[in-house]
Amino acid sequence: MGNHQKRAVVADALRCVEPLTEVCPAPASGRAVDWDATEAAVGAPLPADYKRLVETYGGGVFADTVWLLEPGCPEAMYDLVAQIGERKEILTELWAAGEDEFLPPELQEPGTWLLPWGYMEGGGHFLYWLVRPGTAPEEWTVLLNEGRGPYWETHPALCSRLLLETVTGRTTSFYLEISDDLVDAADRYRFRPNTEIFGE
């Protein structure tokens, strides 16, 4: 991919963030992140729209349902870097117990691995990027693993677009539906940052 094409891909990815901020306003201040150090710890570059989301919102929860993991969160459950090793260990155990037969074909390609970036409160579903060698981060597929079962769902979409579709109720995924019976109307389009939930 040439430099011009890379810039176009990144610019297109960033276009998905603004519509989300219009629907779900961001806090007065987001976060400053040392992305070079974070990406070194992760072991891969991160998608441009994810970095813009964290800089705009910080980590936290959309509509009291969808958690955006962030680097440096005081709670390991919602920390981007901490969850890489934890989810790998958990999935390895589940696959050894027989859940490997449900793996999506994409995950069985050589060199691919999972990078967690989101979590669904209530259902316990995890959202991952499928990291593929030689593929730009903005072109990674999102994989959802159901929280209380072995099934996976593939979403060829940016994390920001997936969040937008989920918050606005336009998702076609059963797993990503936000129930109005479980979420207070006042929180439906609200983002709560980790600084508010866990403190500074």
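Enclosure of atom CD in Glu196 by more than 12 non-hydrogen atoms of other residues, nucleotides or ligands within 6.0 angstrom is indicated. Atom CZ of Phe102 is surrounded by more than 12 heavy atoms from other residues, nucleotides or ligands within 6.0 Å.
Proximity of a side-chain donor or acceptor of Glu70 to a complementary backbone N or O of Tyr78 within less than 3.5 Å is not detected. Side-chain atoms of Thr92 do not come within 3.5 Å of backbone N or O of Ile90 as any donor-acceptor pair. Checked by atom type and distance alone, the side chain of Glu39 pairs as donor or acceptor with a backbone atom of Leu46 at under 3.5 Å. For the pair His155 (side chain) and Leu143 (backbone), a donor-acceptor distance under 3.5 Å is absent. Within the 3.5 Å criterion, the main-chain N or O of Cys73 finds a donor-acceptor partner in the side chain of Asp79.
The minimum heavy-atom distance between Val167 and Tyr189, with the atom names listed, is O-CE2, 3.4 Å. Shown here for Ile178 and Ala63, the closest heavy-atom pair between the two residues is CD1-CB, 3.8 Å. Taking every heavy atom of both residues into account, Glu121 and Asp64 meet most closely at CB-O, 4.0 Å. Of all heavy-atom pairs spanning Asn145 and Gly149, the tightest one is ND2-O, 4.0 Å. Between Val42 and Trp113 the shortest heavy-atom distance is O-CH2, 3.6 Å.
Within the 4.5 Å cutoff, no side-chain heavy atoms of Trp129 are placed close to those of Leu114. Side-chain contact check for Pro71 versus Trp35: some heavy-atom pair is nearer than 4.5 Å. Here the side chains of Thr154 and Glu106 are in contact, with some heavy-atom distance below 4.5 Å. Looking at Thr65 and Val183, their side chains come closer than 4.5 Å, going by heavy atoms from C-beta outward. Side-chain contact between Pro27 and Phe191 is present, with heavy atoms from C-beta onward closer than 4.5 Å. Leu69 places a side-chain heavy atom less than 4.5 Å from the side chain of Pro116.
Hydrophobic clustering (side-chain heavy atoms under 4.5 Å, transitive across Ile, Leu, Val, Met, Phe, Trp, Tyr) groups Trp67 together with Met77. Linking Ile, Leu, Val, Met, Phe, Trp and Tyr whenever their side-chain heavy atoms come within less than 4.5 Å puts Leu80 and Val54 in one cluster. Using a 4.5 Å cut-off between side-chain heavy atoms of Ile, Leu, Val, Met, Phe, Trp and Tyr, with links allowed through other members, Leu164 and Trp140 fall into the same hydrophobic cluster. A continuous path of hydrophobic side-chain contacts links Trp95 to Leu144 [ILVMFWY only; heavy atoms under 4.5 Å]. Neither Leu182 nor Leu176 shares a network with the other; the hydrophobic side chains, linked directly or stepwise wherever heavy atoms of I, L, V, M, F, W or Y lie under 4.5 Å apart, form separate groups for each.
Of the charged side-chain nitrogens involved, none lies within less than 4.0 Å of a carboxylate oxygen, so that Arg31 and Glu55 do not count as a salt-bridged pair. Arg52 has no carboxylate O lying under 4.0 Å from a charged side-chain N of Asp49, or vice versa, which leaves the two without a salt bridge. Under a 4.0 Å N-O distance rule, the pair Asp180/Arg188 qualifies as a salt bridge.
The side chain to side chain contact (heavy atoms under 4.5 Å, CB included) test with Ser160 is passed by exactly one of Leu14, Thr21, Leu53, Thr56: Leu53.
Here CD of Glu86 is found 10.5 Å from CG of Leu91. Values are rounded to the nearest 0.5 Å. Atom CG in Leu130 sits 8.5 Å away from atom OG1 in Thr135 (nearest 0.5 Å). If you take CD on Glu138 and SG on Cys159, they are separated by 10.0 Å, rounding to the nearest 0.5 Å. To the nearest 0.5 Å, atom CZ of residue Arg161 and atom OG1 of residue Thr171 are 12.5 Å apart. Atom CD of residue Gln83 and atom CD of residue Glu89 lie 11.0 Å apart, to the nearest 0.5 angstrom. One finds the CD atom of Glu99 at 11.0 Å from the CD atom of Glu93 (value rounded to the nearest 0.5 Å).
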field: Check against side chain to side chain contact (heavy atoms under 4.5 Å, CB included), Leu162 and Trp117
entry: CA-CA 12 Å; Leu162 205 65; Trp117 64 266; 4.0 Å; yes
Checklist entry - Given Arg132 and Thr141, is the side chain to side chain contact (heavy atoms under 4.5 Å, CB included) satisfied, shown in steps? => result CA-CA 9 Å; Arg132 280 187 167 112; Thr141 298; 3.6 Å; yes
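In this structure, a donor-acceptor pair under 3.5 Å is absent between the side chains of Glu75 and Asn194. For the residue pair Ser173 and Glu153, a side-chain donor N or O sits within less than 3.5 Å of a side-chain acceptor on the partner.
The aromatic ring centroids of Tyr57 and Phe62 lie less than 6.0 Å from each other. Checked against the 6.0 Å centroid threshold, Trp152 and Tyr128 count as a close aromatic pair.
Ring-plane geometry between Tyr119 and Phe126 is classed as tilted, the angle between the planes lying from 30 to 60 degrees on a 0 to 90 degree scale.
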